[in-house]
Amino acid sequence: MIAVTGANGKLGRQVIKKLLSFYPAEKIVGLTRDSQNATDLSALGIQVREADYDKPETLLAALSGVEKL
């Protein structure tokens, strides 16, 4: 699985868009501080996970199964 940090941002969304041309959506994880702001990514089939650097306890679960970041 490939994870993209900052999935809600301009760059993160562009990276995800490009990755979708090479990988199926189920292979992509979008990491964001607030998953409620990424419902459009979820609708594409991308797993959206909470990952907040200010909340280190969120990172272990968010990166579970991720092979590339």
Side-chain angles (χ1 to χ4, degrees):
M1 224 176 286
I2 301 170
V4 177
T5 61
N8 277 348
K10 289 181 183 180
L11 178 60
R13 289 181 180 276
Q14 290 299 316
V15 170
I16 288 173
K17 183 179 176 181
K18 189 67 171 178
L19 284 172
L20 284 170
S21 65
F22 296 101
Y23 300 98
E26 56 270 5
K27 296 281 188 183
I28 302 170
V29 176
L31 303 178
T32 180
R33 286 181 287 171
D34 185 358
S35 59
Q36 299 296 330
N37 292 332
T39 55
D40 59 322
L41 297 176
S42 294
L44 293 173
I46 294 167
Q47 291 184 48
V48 176
R49 299 179 186 174
E50 179 185 354
D52 189 336
Y53 296 129
D54 291 328
K55 298 177 187 174
E57 66 276 9
T58 64
L59 300 177
L60 186 60
L63 296 173
S64 177
V66 172
E67 298 166 347
K68 295 181 183 183
L69 181 63

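Because the structure is predicted, anything quoted here is derived from the model rather than measured. The figures that follow rest on heavy atoms only: side chains count, while hydrogens, waters and symmetry mates do not.
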*Report the residue from Leu31, Ile2, Val29 that forms a side-chain contact (heavy atoms from CB on, under 4.5 Å) with Leu69.*
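That would be Leu31; it is the only one of Leu31, Ile2, Val29 passing the side-chain contact (heavy atoms from CB on, under 4.5 Å) with Leu69.
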_Keeping Arg49 on the side-chain end and Ala3 on the backbone end, is there a donor-acceptor pair under 3.5 Å?_
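Side chain of Arg49 to backbone of Ala3, a donor-acceptor pair under 3.5 Å: no, none is there.
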If you take all heavy atoms of [X] and [Y], which pair is closest and at what distance?
X	Y	answer
Ser35	Val48	CB-CG1, 3.7 Å
Met1	Glu26	CG-O, 4.3 Å
Ala7	Leu41	O-CD1, 3.7 Å
Tyr23	Ile28	O-CD1, 4.3 Å

*If you round to the nearest 0.5 Å, how far is NZ of Lys27 from CD of Glu67?*
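Rounded to the nearest 0.5 Å, the CD-NZ separation comes out at 7.5 Å.
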*Do Ile46 and Ile16 pass the side chain to side chain contact (heavy atoms under 4.5 Å, CB included) test, and can you show the C-alpha distance, the side-chain angles, and the key distance before you say yes or no?*
CA-CA 9 Å; Ile46 294 167; Ile16 288 173; 3.2 Å; yes
*Do the side chains of Leu20 and Val4 join up, straight or via other hydrophobic residues, at under 4.5 Å, putting them in one cluster?*
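Shared cluster, yes.
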*Phe22, Leu11: one ILVMFWY side-chain cluster at the under-4.5 Å cut-off?*
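Yes.
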*Are Asp52 and Thr58 close enough that a side-chain donor and a side-chain acceptor fall under 3.5 Å?*
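Looking only at side-chain atoms, Thr58 and Asp52 do not form any donor-acceptor pair under 3.5 Å.
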*Report, as yes or no, whether the 6.0 Å neighbourhood of atom CZ on Arg13 holds more than 12 heavy atoms from other residues, nucleotides or ligands.*
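Yes, enclosed.
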*Note, Leu44 side chain near Asp40 side chain (heavy atom, < 4.5 Å)*: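 Result no, sub-4.5 Å side-chain heavy-atom pair not found.
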